[in-house]
Structure formats: C-alpha cells, structure tokens
*Asks:* 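Below: one structure in structure tokens.
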Amino acid sequence: MTTAHALIPVKALGLAKSRLAHVLDPGDRAALVLAMLADTLHAALAVEGLAVTVITTDADVAALALGAGAHTLADPPVADTAGASVGPGPSDPPSLDPASLDPASLDPLNAALAAAAHRVRSRKPGVDLIALHADLPALRPAELSAALSAAREAGRAVVVDHTGTGTSALLHCTPEPLDPLFGPDSAHRHVRAGAHPLTGDWPGLRLDVDTVADLEAATAQGVGSATASVLARIGWPMPVRHPDFG
C-alpha cells in the first residue's frame, strides 16, 4: 500500500552537472547522471510504501525511471502547474492558478514539483510527499525511511544537505500544498517557511553530487552499483566502495 510519494526532478541530460564539465565530457556526464538516478531510485523504491515519480522531459531519463518501476511526469512550463504525462496515461487534473502561488514557487524547479505534488494528491488525497534529489548515489533505503518516519512526527520537515545551506529532501506530511522553495539557501528558506530541520545521521541522504568534491565524498562513503560501474568505465581515480543497501 502506497503511503508516501517521492517526487524526483531531473534536468535534460545535456544540461545536467555542468560543474563537472571540466573533468567529464558530455557523454560521461550524461552517463553519470543516469547512473546516480538509477541508484537513487533503487534506494527510494526499496522503502516500504513509497512510490516514486520522476519529473523530466528527457526521454532517456523517463525510460530509465519506468524501467526501474517509477512513474514519470513531464516537466511543465510555469504556466502549466498541473503537468502532463510522459507517454500514455489518464487525463490530467485541473491546473493550479499560478497567481495563487508564492513567487518563489514559480521558479521552474519549484513549479515542476508543485505540479507533480498537485497531480499526485489529486489521485491519492493526503498521501505524504517527499521532494528528493536525483543525484544521491550513496543513499541507503534505511536513511530515507528514517527521515520519513521523523517527518511524520514533525508534519513538514527538511533534510539539510552536506553543505549546510541546501535541501536534499523536503518531506511534507500535512494536507497543505507542498510549496517547495528550492534554490539558493533553500534549507533556511524551508525552515523559515515552517519546515522542521531533521537531525538524523544520514550521510548518504545528505550528499547530493554537484562537484568533484561531492563525487569524491560519495565514493568514499560508497556508491550504488550503477554509479560504481560508470565511474569504473571512465577511470575515475577514487576507489569505489559499494554501500550496504539492505
């Protein structure tokens, strides 16, 4: 039985991970993005009662997500906050009125997350929501499960990322709209908006990979098999440990 739903936005592969462009060519960056998404999905889908929707317009990303057992949703323009399915699917619920949203939520990422949350809850009212990064190659299912349990006590909660300023997961266990505020200093913005900062020891959940230092830290923790395979193929110099995903 689905009791929570994770929403994972993913950029088009050609636009992703630009901060790794000085060490990885476009093909290797795209392969790494897909591999990290695969490992993130593997961990998230192992959490009992958790469904996952990947929000993307990229056909390769959507195919990977569907193959892993996730749902997909097209990344909507700001004006279309209800979104649209990637591939065949039932008709969409009515759109939200963008004028009713906080200006920060009209950022494309936040608009896409708000649209997906609206769609999911129109079909399953009251389901708990998690806005989650796609680049968590060291994520363990137990970390995400523990964070969700803690968020259910708090109502609305945030997992601050390893930098101390970003948000690696926004967990929403109240009936109000999701109202994501991702972007610069998002952790503080989410806290100011009422989210409780969770303090669990979840290094894999807190480590989203954007830079070379992030990737080195992830490999030191231990990454999933898909990421490990890509790093081995491209000759990444760090030794790769595989985490226990049980």
Side-chain angles (χ1 to χ4, degrees), residues 4 6-11 13 16-21 23-24 28-48 50 52-56 61 64-65 67-70 130-151 157-171 182 186-187 197-246:
L7 310 171
I8 302 180
V10 184
K11 290 181 180 179
L13 292 178
K17 300 303 163 199
S18 59
R19 281 186 277 177
L20 295 174
V23 292
L24 297 177
D28 287 342
R29 290 203 312 277
L32 180 61
V33 169
L34 288 173
M36 292 193 295
L37 172 62
D39 288 330
T40 302
L41 289 173
H42 179 79
L45 289 166
V47 175
E48 184 176 358
L50 182 64
V52 177
T53 289
V54 172
I55 309 162
T56 189
V61 171
L64 185 150
I130 307 172
L132 187 68
H133 276 287
D135 50 3
L136 300 169
L139 176 64
R140 277 72 162 172
E143 294 177 319
L144 189 54
S145 180
L148 180 57
S149 294
V158 60
V159 177
V160 181
D161 73 6
H162 63 292
T163 70
T165 61
T167 299
S168 63
L170 176 66
L171 302 100
F182 287 89
S186 65
L198 300 179
T199 59
D201 181 19
W202 308 313
L205 177 55
R206 297 185 188 276
L207 183 51
D208 55 305
V209 172
D210 287 313
T211 67
V212 169
D214 297 339
L215 190 54
E216 290 173 344
T219 57
Q221 279 190 34
V223 295
S225 60
T227 303
S229 177
V230 167
L231 292 178
R233 178 183 62 76
I234 65 179
W236 189 257
M238 295 286 293
V240 178
R241 295 175 50 249
H242 294 264
D244 175 7
F245 283 107

*Asks:* Within the distance-only criterion (no hydrogens, no angle test), does the side chain of Asp39 pair as donor or acceptor with the backbone N or O of His42 below 3.5 angstrom?
*Replies:* no

*Asks:* Main chain of Ala169, side chain of Thr167: is a donor-acceptor contact present, judged purely on distance under 3.5 Å?
*Replies:* no

*Asks:* Is there side-chain contact between Val10 and Ile55, with heavy atoms separated by less than 4.5 Å?
*Replies:* no

*Asks:* Quick check: closest heavy atoms across Ala35 and Val230, and the distance to 0.1 Å?
*Replies:* CB-CG2, 3.6 Å

*Asks:* Quick one: does Leu20's side chain get under 4.5 Å of Leu32's, heavy atoms only?
*Replies:* yes

*Asks:* Is it the case that the side chain of Arg206 and the backbone of Val160 share a donor-acceptor pair, with hydrogens and angles ignored and the cut-off at 3.5 Å?
*Replies:* yes

*Asks:* I'd like to know if the side chain of Thr219 and the backbone of Glu216 have a donor-acceptor N/O pair within less than 3.5 Å.
*Replies:* yes

*Asks:* Test side-chain contact (heavy atoms from CB on, under 4.5 Å) on Val158 and Leu198; report intermediate values, then the result.
*Replies:* CA-CA 6 Å; Val158 60; Leu198 300 179; over 6 Å; no

*Asks:* Closest approach of Val61 and Lys11, non-hydrogen atoms and distance?
*Replies:* CG2-O, 4.4 Å

*Asks:* For Ser168 and Asp208, indicate whether the former's side chain and the latter's backbone hold a donor-acceptor pair under 3.5 Å.
*Replies:* no

*Asks:* Would you name the heavy atoms of Ala151 and Ala157 that are closest together and state the gap between them?
*Replies:* CB-CB, 3.9 Å

*Asks:* Rounded to the nearest 0.5 Å, what separates atom CG in Leu171 from atom CD1 in Ile130?
*Replies:* 5.0 Å

*Asks:* Identify the heavy atoms of Arg140 and Ala43 that sit nearest to each other, and give their distance.
*Replies:* C-CB, 4.3 Å

*Asks:* Which heavy atom of Ala218 sits nearest to which heavy atom of Val223, and what is that distance?
*Replies:* O-CG1, 3.4 Å

*Asks:* With the side chain counted from C-beta on, respond yes when Leu144 and Leu148 share a heavy-atom pair under 4.5 Å apart, and no when they do not.
*Replies:* no

*Asks:* Are side-chain heavy atoms of Asp210 and Leu215 found at a separation under 4.5 Å?
*Replies:* no

*Asks:* Dump the intermediate steps for side chain to side chain donor-acceptor pair (under 3.5 Å) on Asp214 and His162, then the final yes or no.
*Replies:* CA-CA 9 Å; Asp214 297 339; His162 63 292; 2.8 Å; yes

*Asks:* Kindly indicate whether the side chain of Glu143, heavy atoms from C-beta on, has any atom under 4.5 Å from the side chain of Pro203.
*Replies:* yes

*Asks:* For the residue pair Leu170 and Leu132, establish whether any side-chain heavy-atom pair is separated by less than 4.5 Å.
*Replies:* no

*Asks:* If you compare all heavy atoms of Ala46 against all heavy atoms of Pro141, which two are closest, and at what distance to 0.1 Å?
*Replies:* CB-CG, 3.7 Å

*Asks:* Check whether any side-chain heavy atom of Leu207 sits under 4.5 Å from a side-chain heavy atom of Trp202, and report yes or no.
*Replies:* no

*Asks:* Would you check if the side chain of Ser186 reaches a backbone N or O of Gly166 as a donor-acceptor pair within less than 3.5 Å?
*Replies:* no

*Asks:* Determine, step by step, whether Leu45 and Leu50 satisfy the side-chain contact (heavy atoms from CB on, under 4.5 Å) criterion, reporting the C-alpha distance in whole Å, the side-chain angles of both residues, the deciding distance to 0.1 Å, and the verdict.
*Replies:* CA-CA 6 Å; Leu45 289 166; Leu50 182 64; over 6 Å; no

*Asks:* For a side-chain contact (heavy atoms from CB on, under 4.5 Å) check, start with the C-alpha distance between Leu136 and Met36, then their side-chain angles and the critical distance, and finish with the verdict.
*Replies:* CA-CA 6 Å; Leu136 300 169; Met36 292 193 295; over 6 Å; no

*Asks:* Please report the C-alpha distance between Trp236 and Asp28 in whole Å, then the side-chain angles of each, then the deciding distance to 0.1 Å, and finally whether the side-chain contact (heavy atoms from CB on, under 4.5 Å) criterion is met.
*Replies:* CA-CA 11 Å; Trp236 189 257; Asp28 287 342; over 6 Å; no

*Asks:* Are side-chain heavy atoms of Asp135 and Val33 found at a separation under 4.5 Å?
*Replies:* no

